[in-house]
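I'd like to ask you about the structure that follows.
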Protein chains: 2
Amino acid sequence: MKSSIEDKCIKSGVRLTDQRRIIAKVMSNSEDHPDVDELHKRVSKVDSKISIATVYRTVKLFEEAGIVFKHDFKGGKARYEQAPDEHHDHLIDINTGEITEFVNEDIEKLQKQVAEKLGYKLVDHRLELYGSKIKK
Amino acid sequence: MKSSIEDKCIKSGVRLTDQRRIIAKVMSNSEDHPDVDELHKRVSKVDSKISIATVYRTVKLFEEAGIVFKHDFKGGKARYEQAPDEHHDHLIDINTGEITEFVNEDIEKLQKQVAEKLGYKLVDHRLELYGSKIKK
DNA sequence: ATAATTGCAAATGCTTTGCTTGTGA
DNA sequence: TCACAAGCAAAGCATTTGCAATTAT
């Protein structure tokens, strides 16, 4: 069964290898936002000979093709997710690292307005909320 | 003449040395968001014997004391600014790296609401707009 | 066939740190 | 005085890269 990342590779003309297919599948199956180490652990379960350098090269390749997104949240390593259908931002639990995705159209509009008021065309943005769970 | 960072060091009980005084002054006089290399260049003009390790240690010390803020904008090195009186966010020119500060209360409120709706207390956030100048 | 990809280890870039000497309060 | 800071070079960490061997098309 082809993973959706594998599909996108074919559509974008990204050459597929065994390693890339495995990494694609692992990322397609990931619901979270793993870093390269974590991805390497997961792909290693499928093929233990895949080197971490290949994982680095592959996520970079996928990222440049717009197939996966890279996030540099606070705290060191880059984390990846499959490019989503619609844009979303992230709330990071400062205690557990758990990530919740959210969309807020009002904020999106305001960001655009702010940029325009300052004489800029908004090309990209980064919005991350860091919070701690409210216990009830 | 004491720089405002130097003042804050005294208030916070941060021990002052010649090097720290110089770094404090350079940061107080900086209107931009320099990285450690740039800071080291600037302090070197005052005292060429200050090592970059000291600059690293000092900005970290100031940051931990809440006297300066560290930003990890896209593109590698951490950049610093004196802790501002009121919170602001940043718009980064993707062509020049130039940074414009802005405040938008509506966005601030919405962020808090989003976090709460998701069951979180908002502790921190990161909002960065990346744009290109509109030529008129 | 042959241009691209892999694995490995070495190199990188930013940042931190151990150690010895120097210094602020 | 004496705990703390500075300078230097070495170490750390995430990530990238050169190279020889391997592989996809």
Side-chain angles (χ1 to χ4, degrees), chain A residues 2 5-7 9-27 33-44 46-65 67-80 97, chain B residues 2 5-7 9-27 33-44 46-65 67-80 97:
Chain A
K2 263 184 303 199
I5 291 181
E6 190 176 334
D7 264 350
C9 285
I10 294 164
K11 277 174 203 144
S12 328
V14 169
R15 186 187 236 175
L16 279 165
T17 62
D18 290 350
Q19 292 89 330
R20 289 183 183 172
R21 247 182 287 266
I22 292 169
I23 297 168
K25 186 163 200 175
V26 164
M27 295 192 83
H33 298 67
D35 59 35
V36 170
D37 258 324
E38 180 57 33
L39 284 171
H40 184 236
K41 268 184 209 148
R42 296 182 192 176
V43 301
S44 294
V46 184
D47 178 350
S48 64
K49 292 176 305 312
I50 295 179
S51 76
I52 195 158
T54 296
V55 180
Y56 270 108
R57 278 192 273 237
T58 303
V59 291
K60 190 174 198 184
L61 177 76
F62 287 174
E63 197 212 343
E64 283 162 357
I67 296 171
V68 311
F69 281 8
K70 175 186 184 184
H71 299 291
D72 290 289
F73 299 131
K74 300 190 182 195
K77 343 197 184 178
R79 302 173 62 170
Y80 293 84
Chain B
K2 264 184 302 200
I5 292 180
E6 192 177 332
D7 264 350
C9 286
I10 294 165
K11 278 174 203 142
S12 329
V14 169
R15 185 189 241 176
L16 280 164
T17 62
D18 289 349
Q19 292 88 333
R20 291 183 182 173
R21 247 183 287 265
I22 292 168
I23 295 168
K25 186 164 198 173
V26 163
M27 295 192 83
H33 299 67
D35 60 37
V36 170
D37 258 324
E38 179 58 32
L39 283 172
H40 184 235
K41 267 185 210 150
R42 295 182 193 177
V43 302
S44 294
V46 184
D47 178 351
S48 64
K49 292 176 306 311
I50 296 179
S51 78
I52 197 157
T54 296
V55 179
Y56 271 108
R57 278 193 270 238
T58 303
V59 291
K60 191 174 198 183
L61 177 76
F62 287 175
E63 196 211 344
E64 282 163 355
I67 295 171
V68 310
F69 281 9
K70 175 185 183 182
H71 298 292
D72 291 290
F73 299 133
K74 300 191 182 193
K77 342 197 185 178
R79 302 172 63 168
Y80 293 84

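Heavy-atom basis, side chains included; hydrogens, waters and symmetry copies ignored. Quantities reported herein were computed from a predicted structural model and do not represent experimental measurements. Just so we're on the same page: letters track the sequence lines, and every chain starts at 1.
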Sugar-phosphate means primed atoms, P, OP1 and OP2; the rest is base. With that split, encode nucleotides 18-23 of chain C 5' to 3' as B, S or - using protein heavy atoms under 4.0 Å.
B-----
By nearest atom, which of the nucleotides C:dT15, C:dA25, D:dA14 is closest to the B:L16 side chain?
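Minimum distance to the B:L16 side chain belongs to C:dA25.
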What is the separation between atom CG on A:L61 and atom C1' on D:dA24, rounded to the nearest whole Å?
14 Å
Step by step, work out the side-chain contact (heavy atoms from CB on, under 4.5 Å) result for A:V59 and A:L39.
CA-CA 10 Å; A:V59 291; A:L39 284 171; 3.8 Å; yes
To the nearest 0.5 Å, atom CG of B:L61 lies from atom CD1 of B:I67 at 7.0 Å
For A:K77 and C:dG13, what is the distance between atoms NZ and C1' respectively, to the nearest whole Å?
18 Å
Rounded to the nearest Å, what distance is computed from the CG atom of residue A:D47 to the C1' atom of nucleotide C:dG7?
12 Å
Residue that, paired with B:R42, satisfies side-chain contact (heavy atoms from CB on, under 4.5 Å) out of B:I22, B:I23, B:V26
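Considering B:I22, B:I23, B:V26, a side-chain contact (heavy atoms from CB on, under 4.5 Å) with B:R42 is found only for B:V26.
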In whole angstrom, give the distance that lies between atom CD of A:E64 and atom P of C:dA4.
15 Å
A:K41 NZ - D:dA14 P separation (whole Å)
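So the NZ-P distance, A:K41 to D:dA14, works out to 11 Å.
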Would you say C:dT16 has OP1 or OP2 under 4.0 Å from some side-chain N or O of B:K60?
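Checking C:dT16 against B:K60, a side-chain N or O does come within under 4.0 Å of OP1 or OP2.
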Given atom CG of A:D35 and atom P of D:dT15, what is their separation to the nearest angstrom?
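Rounded to whole Å, this separation is 8 Å.
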Distance (rounded to the nearest 0.5 Å) between B:C9 SG and B:F62 CZ:
4.0 Å
Quick one: is C:dT6 close enough that its OP1 or OP2 comes under 4.0 Å of any side-chain N or O from A:T17?
yes
Hey, is the main chain of B:F73 close enough, under 3.5 Å, to the side chain of B:R79 for a donor-acceptor pair?
no
Are OP1 or OP2 of D:dT15 and a side-chain N or O of A:Y56 less than 4.0 angstrom apart?
yes
Give me the bend of the helix from C:dA1-D:dT25 to C:dA25-D:dT1, using the axes of the five pairs at each end, rounded to 10°.
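The end axes of the helix from C:dA1-D:dT25 to C:dA25-D:dT1 are about 40° apart, to the nearest 10°.
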Inter-residue atom distance B:Y80.OH - B:H71.NE2, 0.5 Å rounding:
10.5 Å
Please determine whether a side-chain nitrogen or oxygen atom of B:Q19 lies at a distance below 4.0 Å from atom OP1 or OP2 of D:dG7.
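Result: yes.
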Hey, what do you get for CD1 (A:I50) to OG1 (A:T17), rounding to the nearest 0.5 Å?
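Those atoms lie 8.0 Å apart.
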Interatomic spacing from CD in B:Q19 to NZ in B:K49 - rounded to 0.5 Å
8.5 Å
Checking all strands, does A:I52 fall into the base, sugar-phosphate, or nothing category for heavy-atom contacts under 4.0 angstrom?
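If one applies the 4.0 Å heavy-atom cut-off, A:I52 turns out to touch nothing in the nucleic acid.
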Measure from CZ on B:R21 to P on C:dG24 and round the result to the nearest Å.
8 Å
Indicate yes or no for a side-chain donor-acceptor contact from A:H40 to the backbone of A:Y56 under 3.5 Å, with no hydrogens or angles considered.
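No.
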Closest listed nucleotide, where the reference is the side chain of B:V36 and the choices are C:dA25, C:dT15, C:dT6
C:dT15
Given C:dT15, D:dA24, D:dC8, identify the nucleotide with an atom nearest to the side chain of A:D18.
D:dA24
Is the shortest side-chain N/O distance from A:R20 to OP1 or OP2 of D:dA24 below 4.0 Å?
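It does not, given that no N or O in the side chain of A:R20 lies less than 4.0 Å from OP1 or OP2 of D:dA24.
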Provide, to the nearest angstrom, the distance between the CG atom belonging to B:D72 and the P atom belonging to C:dC14.
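Distance, rounded to whole Å: 13 Å.
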Nearest atoms (heavy-atom pairs only) where A:A65 meets A:V14
CB-CG2, 4.2 Å
